[in-house]
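First the structure, in the form of structure tokens, and then the observations on it.
In what follows, every chain begins at residue 1, and chains take the letters A, B, ... in the order their sequences are listed.
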Amino acid sequence: MHIAARCARMRPSAPGREIDLIVLPAAHARLVEQALAAAVAAGNLPAGERPAVDIRPAARPELGDYASAIALRLARPLRRKPLEIANTIAGHLPPAPFLASVDVAPPGFLNFRLDETWLCAQIDAMLQEGDTLAQLDNGNGRRALVEFVSANPTGPLHIGRSRGAIVGDTLARLLQACGYKVEREYYFNNAGRQMQMLGESLRIRYLQALGRQVDLPEEDFYQGDYLVQQARLLREEQGEALLSAAGRDYQRFAEAQMFAGIRSTLERIDIRHDRFFNEHSLYENGALEDVLDRLQARDQLYQAAEWEGASEEEKNRAAGRAPASWFRASRFGIDKDHVLMRSDGTPTYTLPDIAYHADKLARAYDLTVNILGADHYVQHQVVRAALDALGEDTSRLRVVILQFVRLMQGGVERKMSTRRGDYETLDDLIDETGPDAVRYLLLARSADARLDFDLDLAVAQNNDNPVYYIQNAHVRCAGILRRAEAAGIDDTVGDLSLLGDNERCFLRKALELPAVIEQSVTELEPHRIAFYAHDLAGIFHPLYENVRVLGEDVPPELAAARLRFYRAAQLVFRRVLTLMGMSAPETM
RNA sequence: GCCUCCGUAGCUCAGUGGAUAGAGCAACUGUCUUCUAAACAGUAGGUCGGGAGUUCGAUUCUCUCCGGGGGCGCCA
């Protein structure tokens, strides 16, 4: 996929201002397309199928601002020399306000240079955009669903779920920035044995809280001390009134507490779901039977004690067992068939999962994204295969598989044991490091890479910590604006052409934001925004040292121009931080 | 064994079918009386795991081997 192939357009400018926003490098790509068409029309290039025009920021600044290797790629299909093609394109390139020059470099690169006056004028364009800076309309109001977290309410969110929470929510924010109408959904199950055991565990903790001599069995019971606290709460609120209560009452209480806890934990990192989809509702509305009937009708289901491809040994072992219902997943490239209905007539996890995704698809979102841990890979393959078997269109269903998180402290892994119940919760992590550090550090890694969450780094208040490095850029802008306001500097009059190379370098990077957002969304790679933010701060801080607003040696005209620049820079940082769900502090 | 992800600087990781592969940290040398030093300037650091293939061009794509994570349940 080439960025340039997806021509992004800014939303229409607000009335009353004359500045049109141009998204780079998509605008370059359009120029090149026009040049190619003109060259073909003039008979200077043969017509025919062409690869998409690729434009990217230039590898080295001395070459230009943007570069394209399109002539090299066209050499084969057009049967011409790359250099000749590049020259032809350059010769037919229409003029554009943002374009100062185009050079052809061997063996056939096109190097574009931005018009510096235009570049500096983008400061006003940015200020005009305000908090919706780089808002794209690619999505054009299409609907997207992002499902993430989806932990059952059996305990507090732990570190393993945190990554999906951050990635899912950030992706949702980026989709919104791309013009999608986004819904955030949380899928959960509050029925079944797990929840029963949760209720039972709470009942025992409650008895213990009342001083009764009861042991909590290790097997199957929830050991976490969050239940001890809940039990204490119950005792304080109810005294001994619940001694005769049914297990169901405990379960209901535990569930309500858990969900309240999960939601408030998520809110601490600024995450709110629009819908909590209860798996159990699929049991009640006939969705499960519907899936089974449809699969049966398509000969994708059979009843047997063991799957058809099993070894003789496995089949012998299963002999005499009541038959289960198997989905023919092996027909879809999966290594074996999967059980949807157990021998005892109860559904497996997979069946409602299929029904849930069928429900999602029926809701006809233009894009449906699922954020999953690596351990769910096969499960998702089976669900997708089942949907294919049902004849559903699974092309709108996309999934982000996240590798695991390891908690590191003092250079060694901090082990978590769910069985003992002393695992690291997301709440603990936020307590220790703060919401911004949690969000940034869990975002700033590609989904494919295992993430080592470095606790020492997260709490570090020094330049090792990228969180503060980025936020400090915003703080520094805010500081300048505060001081300048106090000094009575009016930045509406400054001549932006007085700005220097440092500022222009920053502006070039700032203009990449729309493309970064766009690419994050099309590739479902929200980590890109995190790296972009760090890069942007890396250009900002050196500049800050040299580009002063206040000071006797800065002429008023220049001070005003620089102040306007810093106002725009602050806006960019605030926008980027907001897209990552982080705060943009005025002071630190 | 099968599926999947990873292997890039001492460490943690970006990136990419194109021009001289990047950043942070660590190491070393410097910089605050000046808008926040949670910062900046500089030095050093690489057979992009090995091999083969496709290509005008491969770190990027394909195959294979090696090493590591995760998954392979009538759990969720």
Side-chain angles (χ1 to χ4, degrees), chain A residues 54 56 58-60 63 67-69 72-73 75-76 82 105-109 111 150-152 154 189 192-194 279 305-307 318 321-326 333-336 338-350 352-353 373-379 381 401-404 406 408 411 444-452 454 457 460-473 475-484 486-487 527-528 530-532 534-535 537-538 540-554 559 562-563 566 587-588:
Chain A
D54 66 310
R56 61 177 57 195
R60 299 203 306 280
L63 296 172
S68 177
L72 296 166
R73 290 175 191 199
R76 177 174 294 270
F109 291 103
N111 292 322
S150 295
N152 286 341
T154 55
N189 184 16
R193 179 174 161 73
Q194 300 288 332
E279 176 187 323
E306 183 52 276
W307 81 287
R321 200 171 182 178
S325 295
W326 297 80
I334 290 164
D335 57 359
K336 55 181 289 196
H338 282 252
V339 170
L340 300 188
M341 291 289 274
R342 301 188 185 96
S343 307
D344 65 5
T346 60
T348 58
Y349 174 78
T350 308
D353 204 10
D375 53 334
H376 276 64
Y377 179 78
V378 172
Q379 169 66 17
Q381 294 299 102
I401 303 282
L402 292 168
Q403 299 301 309
F404 280 13
R406 267 197 320 176
M408 304 296 285
R445 194 112 319 168
S446 95
D448 289 337
R450 188 173 65 178
L451 194 158
D452 286 349
D454 187 338
L457 177 63
Q461 302 241 327
N462 58 33
N463 38 355
D464 299 7
N465 193 332
V467 178
Y468 296 110
Y469 187 75
I470 296 162
Q471 286 182 322
N472 191 35
V475 167
R476 284 178 143 183
C477 290
I480 292 170
L481 289 163
R482 255 194 326 270
R483 295 277 190 135
H527 72 280
R528 288 173 180 274
F531 285 94
Y532 173 76
H534 196 264
D535 288 349
F540 177 85
H541 286 299
L543 167 159
Y544 173 89
E545 305 280 326
N546 300 311
V547 182
R548 300 190 58 83
V549 174
L550 302 160
E552 289 167 12
D553 53 338
V554 184
R562 286 177 173 177
L563 184 56
Y566 280 114
T587 58
M588 294 195 310

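When each of C72(B), G24(B), C74(B) is scored by its nearest atom to the side-chain atoms of His534(A), the top-ranked nucleotide is G24(B). With U36(B), C35(B), A76(B) as the candidates, the nucleotide lying closest to the side chain of Ile480(A) is C35(B). Here the side chain of Arg482(A) is nearest to one of U36(B), A19(B), C40(B), namely U36(B). Looking at the side chain of Asp375(A), the nearest of the listed nucleotides C74(B), U36(B), G70(B) is G70(B). Comparing U36(B), C72(B), C35(B) by their closest approach to the side chain of Asp335(A) singles out C72(B). Looking at the side chain of Lys336(A), the nearest of the listed nucleotides C35(B), G71(B), C74(B) is C74(B). For Leu63(A), whose side chain is taken as the heavy atoms from C-beta onward, the closest listed nucleotide among C74(B), A19(B), G17(B) is A19(B). Each of C40(B), C75(B), C74(B) was ranked by its minimum atom distance to the side chain of Val339(A); first place goes to C74(B). Distances were taken from every side-chain heavy atom of Ala324(A) (C-beta onward) to each of A19(B), C35(B), C74(B); the shortest belongs to C74(B). Of the candidates G15(B), G17(B), C74(B), G15(B) carries the atom nearest the His527(A) side chain, counting heavy atoms from C-beta on.
Of the P atoms belonging to A23(B) and G45(B), the separation is 14 Å, rounded to the nearest Å. Rounded to whole Å, the separation between the C1' atoms of C74(B) and G69(B) comes to 28 Å. Only the C1' atoms considered, U60(B) is 15 Å distant from G22(B), to the nearest whole Å.
The shortest distance between the side-chain N/O atoms of Arg450(A) and the OP1/OP2 oxygens of U12(B) is not below 4.0 Å.
Below the 3.5 angstrom threshold, one finds no donor paired with an acceptor across the side chain of Thr348(A) and the base of C74(B). The base of U20(B) is paired with the side chain of Arg60(A) by a donor and an acceptor separated by under 3.5 Å. A donor and an acceptor atom never sit less than 3.5 Å apart when one is taken from the side chain of Asn472(A) and the other from the base of A37(B).
Checked by atom type, the side-chain pair Gln194(A)/Asn152(A) shows no donor-acceptor distance below 3.5 Å.
Look at CZ on Arg445(A): it is 15 Å from P on G24(B), rounded to the nearest Å. The distance from atom CZ of Phe531(A) to atom C1' of G15(B) is 10 Å, rounded to the nearest whole Å. In this structure, Tyr468(A) places its OH atom 17 Å from P of A37(B), rounding to the nearest Å.
Aromatic ring orientation, Phe540(A) versus Tyr566(A): perpendicular (interplanar angle above 60°, classes split at 30° and 60°).
The residue among Phe109(A) and Ala478(A) whose nearest nucleotide of RNA chain B is located toward the 5' end is Phe109(A). Across the interface with RNA chain B, nearest-nucleotide mapping of Arg528(A) and Gln403(A) shows Arg528(A) to be the residue nearer the 5′ end.
A salt bridge between Arg476(A) and Glu545(A) is present, with a side-chain N of the basic residue lying under 4.0 Å from a carboxylate O of the acidic one.
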